[in-house]
Participant: 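After the structure tokens below, expect a handful of questions from me.
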Amino acid sequence: MAESTQMEVETAAQTVTLPAKPTFKPLKAHEMSDGKVQFRKISVPPNRYSPLKKAWLDIYTPIYDQMKVDIRMNLKARKVELKTRADTPDISNLQKAADFVHAFMLGFDIPDAISLLRMDELYVESFEIKDVKTLKGEHLSRAIGRLSGKGGKTKFAIENSTKTRIVIADTRIHILGAFSNIKVARSSLCSLIMGSPAGKVYSKLRSVSARLNE
Amino acid sequence: MSIVKDSGFEALEKLKSTEPPVFLAPSSISEVARTTSQYLFEKLKPFNPKSPFDQLLVDGFDAEQIWQQIDIQCQPLLSSLRQDVKRFAQNPKEIRKLGNLALNVSHEDDVDEMDMDGFDSDDDELEATESDGDEEEDDDEEEEDDVEEDEEEKSGDHEGIEDKFFKIKELEEFLEEGEAEEYGIDYKNKNGVAKRKKQNLRDDDEEEDDEEDEDEEEDDEFGAFAGGDDEEADKLGKARYDDFFGGKKKETKMKLKDLSEDDEAEIENQGDVKLSTHEKERIKLQSKIERMEKANLDAKHWTMQGEITAAKRPKNSALEVDLDFEHNARPAPVITEEVTASLEDLIKSRIIEARFDDVQRAASMPTKAKREAKEMDDSKSKKGLAEVYEDEYVRQANPTFAPTTFSDELKKEASMLFKRLCLKLDSLSHFHFTPKPVIEEMSIQTNVPAIAMEEVAPVAVSDAAMLAPEEIFSGKGDIKDESELTQEEKKRRRAKKKRKFKAESAKEPAKKARDDTTENPKTVTGSEEG
């Protein structure tokens, strides 16, 4: 009886060691979704057509060379198409590139939009003036005028103090920047829409921006 | 004597047979009574060794005189009896030595008598009446009867409680024995006094018999201790049942005597009561106690009632009372001559020392460096957002490589301006002014005419900094004016100019051509791009 138990123990000890855990490299963009190619298509609004033409090379170069994503313009469909290549290192590259192109379509400049490619935590937020306050006719025009300021100085003041970029397209407003900065910019814009004078917004900005920049 | 004896006996018998009312009125029975008393006296004489009389002289004597004779005998007899009783009390064994039944019986009777004294005066009265009734009998018999009656009484009263271990009669006897030993004098006196009182209440005719009887009783009872204050004895002896439970006058009197008097007024009203110092003190104390008790029962004075509001105390009562409470403020100093003198001395000394304790302006603390207030830039930022973040990152990572900010540049400019100003002022004011060493700076030199520069230039700037003629114009070869040129040279120059112009214009149309294509949307084709 004792021998049999001993025997069992020995056999247990002699069993083969478990194989090592397999280590898999992260999937490439190309291999994802069973090796199918990933696409992104961004439509071009008519007002952005010629700026796109002018700045095409500036768009194309960083996407193709640094992001390693294929890009082409579908003239018939008026869309910019992005496609992963075999050597696209990360799936997020495609998304970043798409965001970059989309930001350009919204109206942001290339150097501002490029920041989307370079930094992770930047977002674009859009809202309409009517979301904040229902304005019609002249009031609306005045609100837009208040937002921009004389020669755009109010807008630039907000941009500079909060490290964001703002695009005011008729009744739409787009803000590009980090999340907390977007919040500050949005609140100041909203207060401008609601009717507060620019001076008040400046003073608020001064205090808030100092805290933001710490 | 024998005749006397016989006649006496007969007389005694006769007295016995007579009716009691006969004794009340003076009658012929007196002769019989005298002979009887004589006979009895003779009988008892042997028992009294110290008697001065051999026989009782009755012929021609008054009742009072006969009584006196008997009385005279009592005194020595009493003393001897007292001594005997003492002896017996100390050594009870001696009683047995006597061996006489009569004496033993008498001793028992004594004890019984002593016990009986503890009872109410009822018993005494009973005794007296019995003795009165049975005067013809022997004393022993009387006493025996008394004893028997007493015993019967006692036994009759307490039949329920007694058993073989406990007999109340014995208990009472024991108690009264003890009491007698302690209060022997009063005890006996009471008894004796009670007897005397009874005497006073009776007729003279009966007195003799009574006297004799009582005498005999006294002799045999060993009620020998007739000491003590006569006054007190009188008082105690006069105590009757009525004194305690009847007759108000006497009751109050007794109470006054027995208990401590509460009011001296009562005593004074009584008039005839004299108090000892101790009793007077007691009276005073009692009155004091009563007053205090009364005060305790009454409501307290408002000052002693603890917390009290103004409504609960009488009006303006707080003014009358000297209230004590804490003053938190220091009392104002009283200005006296000395105080002022001391102050003045202090002032003088301080002036001499010039130590004025002036208030010194507190040095303002070095304020925290004001945070770099970012200037609100109204213009469009020259850098893109990416560059902004880039600069920020670089500043964080390695501050040395960071490009200067707007504020830094302003600071630089300001500092440069100030330096220049200082230099100028120094050159004007300083006596031993030495010009600053020249710092070779790379700066763009404008082509300012030398004359203007020399006039205005500060000392520090040397002429060497001016542009050299070669820098102004470095021409090679023959330099001819336009007027000196030959026609061929003019043509050569013109041709050169034209070539230059053409070359430049060739580049421009290329650019212009591109713009034209964008402006014209119709011509846009996909192949052109890319």
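All values derive from a computational prediction rather than experimental measurement. Residue numbers begin at 1 in each chain, while the letters A, B, ... track the order of the sequences.
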Participant: Quick check: are there more than 12 heavy atoms from other residues, nucleotides or ligands sitting under 6.0 Å from CD of A/Glu138?
Facilitator: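 Check fails, neighbour count at 12 or below.
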Participant: What part of A/Asp112 is in contact with chain B, defined as an atom under 4.5 angstrom from a non-hydrogen atom: side chain, backbone, both or neither?
Facilitator: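 Both parts, backbone and side chain.
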Participant: Checking heavy atoms, do the side chain of A/Phe108, its backbone, both or neither come under 4.5 Å from chain B?
Facilitator: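 No part of it gets close to chain B.
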Participant: For atom CZ of A/Arg72, decide whether the heavy atoms of other residues, nucleotides or ligands shown that lie under 6.0 angstrom number more than 12.
Facilitator: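 No.
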Participant: Got more than 12 heavy atoms from elsewhere within 6.0 Å of CZ, B/Phe356?
Facilitator: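 It does: B/Phe356 CZ has more than 12 such atoms within range.
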Participant: Please classify the contact between A/Ala113 and chain B as side chain, backbone, both or neither, with a heavy-atom cut-off of under 4.5 Å.
Facilitator: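 Contact with chain B involves no heavy atom of A/Ala113 at all.
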Participant: With a 6.0 Å cut-off (strictly less than), is the heavy-atom count around CD of B/Glu482, excluding the residue itself, greater than 12?
Facilitator: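 Result for CD/B/Glu482: open.
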Participant: Using a heavy-atom distance cut-off of less than 4.5 Å, which residues of residues 378-385 of chain B contact chain A?
Facilitator: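 Answer by number: B/Asp378, B/Ser379, B/Lys380, B/Ser381, B/Lys383, B/Gly384, B/Leu385.
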Participant: Among residues 119-134 of chain A, which residues come closer than 4.5 Å to chain B, judged by heavy atom distances?
Facilitator: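 Heavy-atom contacts from residues 119-134 of chain A to chain B are A/Met119, A/Leu122.
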Participant: Crowded around A/His174 NE2? As in, over 12 foreign heavy atoms under 6.0 Å?
Facilitator: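 Yes, because the 6.0 Å sphere around NE2 of A/His174 holds more than 12 heavy atoms from other groups.
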Participant: Tell me, for A/Thr164 versus chain B, whether the close heavy atoms (under 4.5 Å) come from the side chain, the backbone, both or neither.
Facilitator: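 For A/Thr164, the backbone is the part near chain B, not the side chain.
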Participant: Answer yes or no: are there more than 12 heavy-atom neighbours, outside A/Asp87 itself, under 6.0 Å from its atom CG?
Facilitator: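 More than 12 heavy atoms, drawn from other residues, nucleotides or ligands, come within 6.0 Å of this atom.
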Participant: Looking at A/Arg85, I want to see if its CZ is surrounded by more than 12 non-hydrogen atoms of other residues, nucleotides or ligands under 6.0 Å.
Facilitator: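 Buried by this count: over 12 neighbours within 6.0 Å.
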